[in-house]
*Asks:* 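Take a look at the following structure, please.
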There are 2 protein chains.
Amino acid sequence: MASTEGDRRPKYQRIADSLREAIRAGTYGPGDRLPGENDLMTAHGVARMTARQALGVLQNEGLAESRKGAGVFVRAFRPLRRQGIQRLAREQWGAGRSIWSADAENRRVVVDQVAVSEEVAPEAVRKVLDLGGEDTVCVRRRRYVLEEKPVLLATSYLPASLAAGSAIAHEDTGPGGIYARLAELGSRPVHFREEIRSRMPTKEEAEQLSISPGTPVILIHRTAFADEGRPVEFNEMTLDAASYVLEYGFDA
Amino acid sequence: MASTEGDRRPKYQRIADSLREAIRAGTYGPGDRLPGENDLMTAHGVARMTARQALGVLQNEGLAESRKGAGVFVRAFRPLRRQGIQRLAREQWGAGRSIWSADAENRRVVVDQVAVSEEVAPEAVRKVLDLGGEDTVCVRRRRYVLEEKPVLLATSYLPASLAAGSAIAHEDTGPGGIYARLAELGSRPVHFREEIRSRMPTKEEAEQLSISPGTPVILIHRTAFADEGRPVEFNEMTLDAASYVLEYGFDA
DNA sequence: CTAATAAATATGTCTAGAGATGTTGCATCG
DNA sequence: CGATGCAACATCTCTAGACATATTTATTAG
């Protein structure tokens with residue numbers, strides 16, 4: 001019973017509601033198995049496709065995920081913390097604690113795949129890096145994984161006129177990474193701009209990040225500027241939104 | 001024809017692929033109507049539910065949106081720009097242009113709904129604002145709309161011990177907003193921390209923002225600190241991800 | 001010419017099945 | 001005791017309908 005009252009909302013919505021409420025109330029905790037299609041069919045007396053639709057709602061919301069042949073399970077959210085500005089962030093402003101428990105330490109994100117190449121700059125990159133139509137860029141593509149699970153794709157573009165011949169064009173950029181190399185080349189980044197947006201992943205992104213359906217990606221477009229506002233690097237990052245919390249701190 | 005070859009992928013996926021490709025190629029531009037259920041049924045010789053599933057894929061990806069009784073249409077993306085730090089941002093580092101064309105000027109975001117109340121602080125808010133179990137907070141809920149369409153929900157929490165009796169507890173907070181009032185009360189915010197994440201909207205969020213399915217929300221949790229790291233405001237913002245690009249700039 | 005009305009069209013919800021495919025656990029064999 | 005195979009179970013894909021509801025368009029009355 002309990003489903004014969006307000007018939008205004010569709011059945012599948014009401015079933016989804018009850019499951020969502022049960023998750024919120026803690027009846028089903030992270031990782032627990034939810035009632036499956038068959039359970040919902042008998043419990044609510046609906047057809048398979050209707051029960052499916054109800055479970056689909058929760059999956060689309062990112063609350064649950066299904067494993068074929070196994071069942072539908074409640075998802076967990078234990079995000080990594082990415083700090084836009086490392087300084088200032090911790091001690092000084094530690095009084096009001098963060099919402100997201102920062103127990104996410106001793107979890108290590110490592111590079112999984114690296115590919116370096118020199119390519120003709122796409123138009124969008126040319127615009128950002130202030131390049132001409134003929135200019136080439138040094139492209140560094142990387143993937144980061146956390147405990148086997150990929151969480152971040154990053155593609156860096158640097159003007160070939162700047163990077164070619166340096167360690168930036170090698171897979172191993174040496175201590176300090178490309179920013180240390182840029183500094184040695186007289187183009188030390190002194191300012192950064194990051195643009196953030198979010199959307200659902202493309203097919204390719206979903207595959208590369210092995211994202212479960214119903215999870216968006218966060219896109220970060222970072223431009224690094226040397227002195228005199230000269231752009232020296234453009235970095236396009238794609239993050240699994242379920243794995244990250246971004247943090248920015250700044251003074252008034 | 002054209003659907004009897006590689007039968008490895010499900011039919012609905014292949015139909016979705018062909019539509020996605022057609023959108024990418026420009027066959028269907030933003031706002032255009034896509035082939036509907038009936039069209040796909042006859043074109044690919046599938047059942048209604050299968051054609052529906054294919055269209056559902058595109059809607060989940062945020063590529064298309066359906067209007068009941070009218071059809072399925074390609075979605076557009078014309079984001080607003082939200083600057084985390086207004087200073088520094090424009091002139092000084094304007095050499096490398098942004099990816100997202102900033103033609104979004106002369107579009108005005110206005111407050112649509114305001115509600116002010118004094119409530120017992122939820123636990124999460126207590127933790128952030130460093131309050132005890134009995135303390136109450138002044139809660140300001142606002143909704144912002146852009147040309148009739150809601151784009152942002154914001155809920156501010158301030159310690160009642162600070163805000164009660166001041167203009168902060170009124171709907172109209174006067175010139176300069178609550179930060180000016182806080183300054184008058186000797187609690188001028190000098191530092192901000194913003195935490196950003198993204199996920200699919202809840203039912204309530206989707207309704208309040210009238211979000212089309214397949215669009216995530218961006219959550220910004222901002223904490224304002226007065227001197228000595230004292231947290232004085234906690235602001236919980238929910239943004240329609242299809243309407244916003246966030247921008248942060250900072251020095252190395 | 002305008003406004004109300006009806007018809008055609010489109011998506012939304014739902015049923016009752018079927019076969020395909022992946023997972024899990026148990027029983028059996030070596 | 002370990003490995004293999006199999007059966008039970010779970011989700012996934014798909015069909016062929018039905019009725020509901022919102023929109024658009026064409027028609028008709030004023």
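First the proteins, then the strands, lettered A, B, ... as listed; each starts at 1.
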*Asks:* Going by side-chain contact (heavy atoms from CB on, under 4.5 Å), name the residues that satisfy it together with B:Gln13, two or more places apart in sequence or in a different chain.
*Replies:*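 side-chain contact (heavy atoms from CB on, under 4.5 Å) check on B:Gln13 returns B:Arg9, B:Pro10, B:Asp17.
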*Asks:* Would you confirm whether A:Arg82, through its side chain, and A:Leu246, through its main-chain N or O, come within 3.5 Å as a donor-acceptor pair?
*Replies:*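 Flag not set: sc A:Arg82 to bb A:Leu246 has no pair under 3.5 Å.
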*Asks:* With a 4.0 angstrom cut-off to heavy atoms of chain A, pull out the first and last contacting nucleotide of DNA chain C, in 5'-to-3' order.
*Replies:*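 Nucleotide range with atoms under 4.0 Å of chain A: C:dT13 to C:dT23.
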*Asks:* Could you state the atom-to-atom distance from CD of B:Gln53 to C1' of D:dC12 in whole Å?
*Replies:*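 Going from B:Gln53 (CD) to D:dC12 (C1'), I get 9 Å.
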*Asks:* So how far is it from A:Asn60 CG to B:Gln59 CD, rounded to the nearest 0.5 Å?
*Replies:*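 Here the rounded value is 10.5 Å.
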*Asks:* Do B:Arg67's NZ or CZ and the ring of B:Phe73 fall within the cation-pi criteria of under 6.0 Å and 45°?
*Replies:*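 Judged by the rule, B:Arg67 and B:Phe73 form a cation-pi pair.
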*Asks:* If the condition is side-chain contact (heavy atoms from CB on, under 4.5 Å), which residues does B:Asn235 pass it with, not counting sequence neighbours?
*Replies:*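 Testing B:Asn235 for side-chain contact (heavy atoms from CB on, under 4.5 Å), a comparison that skips the adjacent residues, returns B:Arg142, B:Ala154, B:Ser156, B:Arg222, B:Glu233, B:Met237.
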*Asks:* Salt bridge (Lys or Arg N to Asp or Glu O under 4.0 Å) with A:Lys68: which residues, sequence neighbours excluded?
*Replies:*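 If we apply the salt bridge (Lys or Arg N to Asp or Glu O under 4.0 Å) test to A:Lys68, skipping adjacent residues, there are no hits.
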*Asks:* Any side-chain to backbone donor/acceptor pair from A:Ser210 onto A:Glu207? Under 3.5 Å, distance only.
*Replies:*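 Here the side-chain-to-backbone pair does not exist.
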*Asks:* Is any side-chain N or O of A:Ser66 closer than 4.0 Å to OP1 or OP2 of D:dA10?
*Replies:*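 Answer no for this pair, as no side-chain N or O of A:Ser66 is under 4.0 Å from OP1 or OP2.
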*Asks:* Among all residues two or more places apart in sequence or in another chain, which pass the ring pair (Phe, Tyr, Trp, His ring centres under 6.0 Å) test with B:Phe192?
*Replies:*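 Only A:Phe250, B:Tyr179 meet the ring pair (Phe, Tyr, Trp, His ring centres under 6.0 Å) criterion with B:Phe192.
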*Asks:* Which residues, if any, of residues 56-64 of chain A bring a heavy atom under 4.0 Å of DNA chain C?
*Replies:*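 The answer is none.
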*Asks:* For A:Glu119, check side-chain contact (heavy atoms from CB on, under 4.5 Å) against everything at least two apart and list the hits.
*Replies:*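 Residues passing side-chain contact (heavy atoms from CB on, under 4.5 Å) with A:Glu119: A:Ser117, A:Val139, A:Arg141.
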*Asks:* Once you round it to whole Å, what is the distance between C1' of D:dC14 and CE of A:Met49?
*Replies:*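 Taking atom C1' of D:dC14 as the reference, CE of A:Met49 is at 8 Å.
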*Asks:* What heavy-atom pair brings B:Met41 and B:Ala51 nearest, and what distance separates the two atoms?
*Replies:*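 Residues B:Met41 and B:Ala51, closest heavy atoms: CG-CB, 4.2 Å.
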*Asks:* Should the heavy atoms of other residues, nucleotides or ligands under 6.0 Å from CD of A:Glu123 be counted, would the total exceed 12?
*Replies:*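 Not more than 12 within 6.0 Å, no.
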*Asks:* Within residues 27-42 of chain A, which residues have any heavy atom lying less than 4.0 Å from an atom of DNA chain D?
*Replies:*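 Of all residues in residues 27-42 of chain A, the ones placing a heavy atom under 4.0 Å from DNA chain D are A:Arg33, A:Gly36, A:Glu37, A:Asn38.
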*Asks:* Using a cut-off of under 3.5 Å, enumerate the N/O to N/O pairs linking the protein to nucleotides 5-7 of chain D.
*Replies:*
none

*Asks:* Could you check how far CZ of B:Arg9 sits from P of D:dT13, rounded to whole Å?
*Replies:*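 Interatomic distance, CZ of B:Arg9 to P of D:dT13: 10 Å.
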*Asks:* Quick check: does any side chain N or O of B:Thr50 sit under 3.5 Å from a backbone N or O of B:Tyr12, one acting as donor and the other as acceptor?
*Replies:*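 Side chain of B:Thr50 to backbone of B:Tyr12, a donor-acceptor pair under 3.5 Å: no, none is there.
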*Asks:* Going 5' to 3' through nucleotides 18-24 of chain D, assign each nucleotide B (protein heavy atom under 4.0 Å from a base atom), S (under 4.0 Å only from sugar-phosphate atoms) or - (no protein heavy atom that close).
*Replies:* B--BBB-
*Asks:* Name all residues meeting the side-chain hydrogen bond (donor to acceptor under 3.5 Å, both in side chains) criterion together with B:Asp39; count only those two or more places apart in sequence or in a different chain, and write none if there are none.
*Replies:*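 For B:Asp39, no residue satisfies side-chain hydrogen bond (donor to acceptor under 3.5 Å, both in side chains) once neighbours in sequence are set aside.
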*Asks:* To the nearest angstrom, how far is A:Arg52 atom CZ from D:dC14 atom P?
*Replies:*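 A:Arg52 atom CZ is separated from D:dC14 atom P by 11 Å.
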*Asks:* Taking it one step at a time, do A:Asp240 and A:Thr215 satisfy side-chain contact (heavy atoms from CB on, under 4.5 Å)?
*Replies:* CA-CA 7 Å; A:Asp240 174 9; A:Thr215 306; 3.2 Å; yes
*Asks:* Taking side-chain hydrogen bond (donor to acceptor under 3.5 Å, both in side chains) as the test, write out the residues that go with A:Glu37, two or more places apart.
*Replies:*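 With sequence neighbours excluded, A:Glu37 shows a side-chain hydrogen bond (donor to acceptor under 3.5 Å, both in side chains) to A:Arg48, A:Arg52, given in chain and number order.
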